[in-house]
Amino acid sequence: MRKTILLTIVMTGAVCASAQTASDSRYLQLADSAQYYIGKERWQDSARCIREALRLEPGNVGNIMLFANLGLATGMDGKYGEAMQCFDIALSRAPKNVTVLSSKAKIELLSGDNDGAAETLDNILQIDSMAKWPRQTRGLLRLRNQDFRGAYTDFEFLTKHFPADTWGPGGMAKCMEAQGRPAEAAGYYRDAISRCTPSDEDKVEFQLGLIENLGYTGQLQEALDIAKDAIEQRPHDGRLYLLRGWIKEKLLIYREAEEDKKLAIHYGVDPQTIERFLPDR
């Protein structure tokens, strides 16, 4: 009888262990699938997998990141209230998790809650002053709010601590430009461009800024050279043709300026922007 009882206990334990192993395996599969769908921007599929995993193992310690990912997926799907609830749950368990806080800040920005995002970014940088994306994003928010001193401080930090970062000097250029200091802005633009790789999506923004800056300060030949290089790299960006035409008009090369204006129109530049630089004569 005693042997039978012991055998029953052992068998029951083995069945429970087997069930637990199966549950763990399914949980991990769902978590991996959710991450995969996030990478593919399939937000609803990701949320579905996360909810199933949470139902399967509501007490799993890994649920902190699942709630964070659910907040990201639902937020990117436009369900901002649900997203914030998910982030609150994750942060109640890990209040200093920079990954969770960063995801929350991204959704706050997406929803238009810039004040909330600024507060979240401040929290992140108090925890980890070297967090690059939060530093850059806070600088851009400060720049948008005309807090040029605060923005400059953030961009200067990026420039010093991240030698490959382009938005450090690029952001300082924007700050100087906004304060009417074009010569300093030009130097920072050149630094930003020198840090860009050929495939860097931000490079053209810095080139446009520098061309415009040089146009206003009378350094027209350098502006033309930069426009030429930029067009070779991005021949379908109408803004480059517009600014090149603007520079050529300043050089009294009217026919070529008009041809560049036509190219700008062809590549879809906003009519108001065209009117600003090359109004009809």
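Keep in mind that this is a model prediction, so the values were computed, not measured.
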Crowding at CD, Glu275 (>12 non-hydrogen neighbours, <6.0 Å): yes

Sidechain N-carboxylate O distance under 4.0 Å for Glu222, Arg190: yes

Parallel, tilted or perpendicular: ring planes of Phe155 versus Trp167, cut at 30 and 60 degrees: tilted

Over all atoms of both residues, closest heavy-atom pair of Asp154 and Gly139: OD2-N, 3.5 Å

Lys/Arg N to Asp/Glu carboxylate O, Arg239 vs Glu205, below 4.0 Å: yes

Donor on one side chain, acceptor on other, Glu57 and Asn63, under 3.5 Å: no

Where Ala34 and Ile50 come nearest, the two heavy atoms and their spacing: CB-CG1, 3.4 Å

ILVMFWY network linking Ile107 to Leu141, side-chain heavy atoms under 4.5 angstrom: yes

Whether Ser111 side chain and Glu108 backbone form a donor-acceptor pair below 3.5 Å: yes

Same apolar cluster: Trp43 and Leu54, side chain cutoff 4.5 Å: no

Exam field: side chain Ser92 to backbone Ile89, donor-acceptor pair closer than 3.5 Å: yes

Gln233, CD: over 12 other non-hydrogen atoms inside 6.0 angstrom: yes

Under 3.5 Å donor-acceptor, Asn213 side chain and Gly209 backbone: no

NZ/NE/NH1/NH2 to OD/OE distance under 4.0 Å, Arg255 and Glu249: no

Chi angles and distances behind the side chain to side chain contact (heavy atoms under 4.5 Å, CB included) call for Leu101, Ile127: CA-CA 10 Å; Leu101 287 165; Ile127 297 165; 3.7 Å; yes

Lys228 bridged to Asp225 by N-O distance under 4.0 Å: no

Main-chain N/O of Lys79 paired to Asp77 side chain as donor or acceptor, under 3.5 Å: no

Pair Glu259 + Lys262: basic N to acidic O under 4.0 Å: yes

Shortest non-hydrogen separation from Phe87 to Leu72 and the atoms involved: CZ-N, 3.5 Å

Ser46 side chain to Arg42 backbone, donor-acceptor under 3.5 Å: no

Derivation and outcome, side chain to side chain contact (heavy atoms under 4.5 Å, CB included), residues Gln207 and Ile193: CA-CA 7 Å; Gln207 289 169 321; Ile193 291 167; 3.9 Å; yes

Trp246/Tyr241 aromatic ring centres below 6.0 Å: no

Members besides Tyr254 in its Ile/Leu/Val/Met/Phe/Trp/Tyr cluster (side-chain heavy atoms under 4.5 Å): Leu252

Short N-O contact, Glu258 and Lys248, less than 4.0 angstrom: no

Exercise answer: donor-acceptor pairs, residues 171-185 side-chain atoms, under 3.5 Å, sequence neighbours excluded:
from, atom 1, to, atom 2, distance (Å)
Lys174, NZ, Tyr189, OH, 3.2
Glu177, OE1, Tyr189, OH, 3.0
Glu177, OE2, Tyr189, OH, 3.4
Gln179, NE2, Cys175, O, 3.1
Arg181, NE, Glu184, OE2, 2.9
Arg181, NH2, Glu184, OE1, 3.0
Arg181, NH2, Glu184, OE2, 3.2

Pairing residues for Arg93 by the salt bridge (charged side-chain N to carboxylate O under 4.0 Å, His left out) criterion, not counting sequence neighbours: none

Ser129 (side chain) donor-acceptor with Leu125 (main chain) under 3.5 angstrom: no

Within 6.0 Å of OH in Tyr216, more than 12 heavy atoms from elsewhere: yes

Mutual orientation of the aromatic rings belonging to Phe157 and Phe162 [parallel < 30°, tilted 30-60°, perpendicular > 60°]: tilted

For Val100 against Ala90, the heavy-atom pair lying closest together: CG1-CB, 3.8 Å

Residue pair Asp32 / Tyr37, side-chain donor-acceptor N/O under 3.5 Å: no

Short N-O contact, Arg195 and Asp165, less than 4.0 angstrom: no

Donor-acceptor contact present, side-chain Lys104 to main-chain Thr120, <3.5 Å: no

Donor-acceptor contact below 3.5 Å, side chain Thr273 vs main chain Val269: no

Presence of salt bridge, Arg234 and Asp237, under 4.0 angstrom: no

